Amino acid sequence: METVTLENIITEGHEIRKMIQYIHPTGVRTFKVYSISDRPRYEKWKNLVIRFLTASYSGDRCIKDFEEKTESFSKYFNPNIFDDILGLLESCRAIPILPSIQKAPTSKIDKSVHVNVTQTQSQSQEQSFAIDIFLEAIKDEIKGKQLKELKAIAQEEPNPEKAKNRVFDKIKSWGGDVLANVLANIVTNPNIWNGLM
């Protein structure tokens with residue numbers, strides 16, 4: 001068996017190019033249709049080229065370009081696309097050595113960033129936990145209608161500073177016992193209470 005070289009591959013490609021034939025229309029057609037007389041030979045050549053390029057030009061974009069061009073060619077057998085394929089192989093022959101790209105020196109990763117992220121997550125979890133305690137204390141002491149009134153104020157005025165007076169007036173209208181009970185529930189929550197000791 002003959003050694004596979006880029007030169008042999010290109011020569012075989014030119015032979016395959018001669019097998020592409022125009023199919024004359026039998027009716028009205030707005031585009032050209034082509035066929036290849038020996039499709040198995042073309043498929044064998046295509047797969048051989050892919051293996052050769054992968055072995056000889058690993059990491060080069062010519063492999064991806066070749067695969068894309070042959071995929072397009074296999075749909076239409078257009079000789080212009082096959083000419084592009086041959087041009088690609090001839091460019092590999094013209095510049096056979098891949099340029100080397102020097103990598104920038106790797107920098108040391110600052111692990112303190114990870115610590116800060118963990119602290120942020122922990123802080124966020126603690127804030128979420130505190131909000132849950134507060135909401136639970138409110139729901140234990142106020143009625144469904146009263147909770148809906150608070151939610152309505154929150155929806156009408158998303159800025160808490162601007163809504164503060166309205167919320168205060170609303171809670172005052174429910175009576176002093178409600179506010180005292182909510183505050184007592186918050187303070188006596190086991191997680192808050194243990195923090196006071």
Side-chain angles (χ1 to χ4, degrees), residues 1-132 135 151 154-159:
M1 181 174 193
E2 187 177 311
T3 303
V4 177
T5 64
L6 189 55
E7 197 62 46
N8 297 359
I9 288 171
I10 293 171
T11 302
E12 177 76 8
H14 284 287
E15 292 298 315
I16 291 171
R17 170 66 171 83
K18 293 175 187 173
M19 294 188 290
I20 301 171
Q21 302 165 347
Y22 174 69
I23 299 175
H24 294 283
T26 55
V28 178
R29 186 169 60 199
T30 59
F31 56 92
K32 293 181 178 181
V33 176
Y34 298 92
S35 70
I36 190 163
S37 60
D38 191 351
R39 176 122 188 217
R41 182 176 172 188
Y42 161 71
E43 290 294 331
K44 180 181 173 187
W45 175 82
K46 175 185 80 170
N47 292 320
L48 179 72
V49 174
I50 290 172
R51 290 192 53 81
F52 177 83
L53 292 176
T54 303
S56 303
Y57 296 91
S58 179
D60 193 306
R61 68 172 286 163
C62 68
I63 300 166
K64 181 178 175 264
D65 291 346
F66 181 83
E67 289 174 336
E68 288 173 359
K69 290 288 184 187
T70 54
E71 185 177 328
S72 180
F73 177 74
S74 295
K75 292 177 186 173
Y76 307 108
F77 300 112
N78 187 318
N80 294 328
I81 297 172
F82 199 84
D83 290 340
D84 293 345
I85 293 170
L86 291 174
L88 179 78
L89 295 174
E90 289 171 3
S91 72
C92 289
R93 178 175 57 188
I95 305 175
I97 299 172
L98 294 174
S100 63
I101 301 171
Q102 293 184 352
K103 293 182 180 179
T106 57
S107 60
K108 192 172 184 179
I109 297 173
D110 182 7
K111 293 184 181 182
S112 66
V113 172
H114 297 290
V115 173
N116 290 340
V117 170
T118 303
Q119 288 174 347
T120 302
Q121 288 174 344
S122 174
Q123 191 175 31
S124 174
Q125 288 171 346
E126 288 172 10
Q127 287 173 346
S128 176
F129 185 67
I131 291 169
D132 289 343
L135 290 175
K151 286 182 177 181
Q155 289 174 354
E156 290 169 12
E157 183 53 68
N159 184 339

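Since we're looking at a predicted model, the values are computed, not measured. This chain uses plain numbering: 1 for the first residue, then up along the sequence.
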- Between Thr11 and Asn8: side-chain donor-acceptor atoms closer than 3.5 Å: no
- Message: Using the salt bridge (charged side-chain N to carboxylate O under 4.0 Å, His left out) criterion, which residues pair with Lys64? Sequence neighbours excluded.
- Response: Glu68
- Residue list, ring pair (Phe, Tyr, Trp, His ring centres under 6.0 Å) with Phe52, at least two apart or on another chain: none
- Message: A quick test of your reading: do over 12 heavy atoms of other residues, nucleotides or ligands sit less than 6.0 Å from OH of Tyr76?
- Response: no
Under 3.5 Å donor-acceptor pairs involving side-chain atoms of residues 32-40, not counting sequence neighbours:
| unit_1 | atom_1 | unit_2 | atom_2 | d |
| --- | --- | --- | --- | --- |
| Asp38 | OD1 | Arg41 | N | 3.3 |
| Arg39 | NE | Glu43 | OE2 | 3.3 |
| Arg39 | NH2 | Glu43 | OE2 | 3.4 |

- Identify, with sequence neighbours excluded, every residue that meets side-chain contact (heavy atoms from CB on, under 4.5 Å) alongside Arg93. Leu6, Glu7, Ile10, Glu90
- Query: Hey, does Lys46 have a side-chain heavy atom less than 4.5 Å from the side chain of Phe66?
  - Reply: yes
- Message: Using only atom types and a distance under 3.5 Å, with no angle test, would you say the side chain of Thr70 pairs donor to acceptor with the backbone of Glu67?
- Response: yes
- Item | Taking every non-hydrogen atom, the tightest pair across Ile9 and Trp45 | O-NE1, 3.0 Å
- Item | For Glu156, side chain to side chain donor-acceptor pair (under 3.5 Å) partners two or more places apart | Arg166
- Please collect all salt bridge (charged side-chain N to carboxylate O under 4.0 Å, His left out) contacts where either partner lies in residues 71-83, sequence neighbours excluded, each pair once. Arg17-Asp83
- Do you know the tightest heavy-atom contact between Cys92 and Tyr57? O-OH, 3.3 Å
- Taking the six-membered ring where the residue is Trp, are the ring centres of Phe73 and Tyr42 under 6.0 Å apart? yes
- With distance as the sole test, does Ser91 use its side chain to make a donor-acceptor pair with the main-chain N or O of Leu88 at under 3.5 Å? yes
